[in-house]
Amino acid sequence: MGIDDKVKNAAQDAKGKVKEGWGKLTDDERLEAEGKADQVAADVKQAGENVKDAFKK
């Protein structure tokens with residue numbers, strides 16, 4: 001996995017955590033759900049990259 005992919009996934013995860021936190025703080029369920037979705041998407045991408053790395057070795 002390239003370092004740029006790791007950074008992108010980490011950034012998306014961080015963005016999702018911020019959205020989720022802000023959604024909880026402001027009682028905005030839609031924003032909170034978007035944040036959770038961003039985190040899940042980042043986790044899925046990370047898992048896919050890990051599988052690619054495993055096959056490379």
Side-chain angles (χ1 to χ4, degrees):
M1 173 194 316
I3 190 76
D4 58 326
D5 291 331
K6 289 181 183 180
V7 170
K8 287 178 185 177
N9 291 340
Q12 184 174 11
D13 187 54
K15 181 177 121 181
K17 288 179 181 178
V18 169
K19 275 185 178 180
E20 181 182 3
W22 189 254
K24 285 181 181 179
L25 185 66
T26 61
D27 213 20
D28 185 343
E29 292 177 2
R30 182 189 58 80
L31 189 60
E32 188 176 342
E34 280 182 25
K36 288 179 182 178
D38 285 346
Q39 291 175 64
V40 168
D43 289 343
V44 169
K45 288 178 186 177
Q46 182 68 34
E49 292 296 330
N50 290 340
V51 169
K52 284 187 207 176
D53 286 346
F55 280 107
K56 286 181 182 177
K57 295 179 180 181

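Numbers here simply count residues along the sequence, with the first being 1.
For the atom pair CG of D28 and CD of E34, the computed distance is 8.0 Å after rounding to the nearest 0.5 Å. Taken from CD in Q39 to NZ in K15, the straight-line distance is 11.5 Å, to the nearest 0.5 Å. Atoms CD and CG, from Q12 and N9 in turn, are 7.0 Å apart once rounded to the nearest 0.5 Å. In this structure, NZ in K45 is found 11.0 Å from CG in D43, a value given to the nearest 0.5 Å.
Across every non-hydrogen atom of D38 and G16, the tightest pair is CB-CA, 3.7 Å. The nearest pair of heavy atoms linking K19 to G35 is CB-CA, 3.6 Å.
Linking ILVMFWY residues whenever their side-chain heavy atoms come closer than 4.5 Å, directly or via other members, places L25 and L31 in the same cluster.
Between K24 and E20, at least one side-chain N (NZ, or NE/NH1/NH2) sits under 4.0 Å from a carboxylate O, which counts as a salt bridge.
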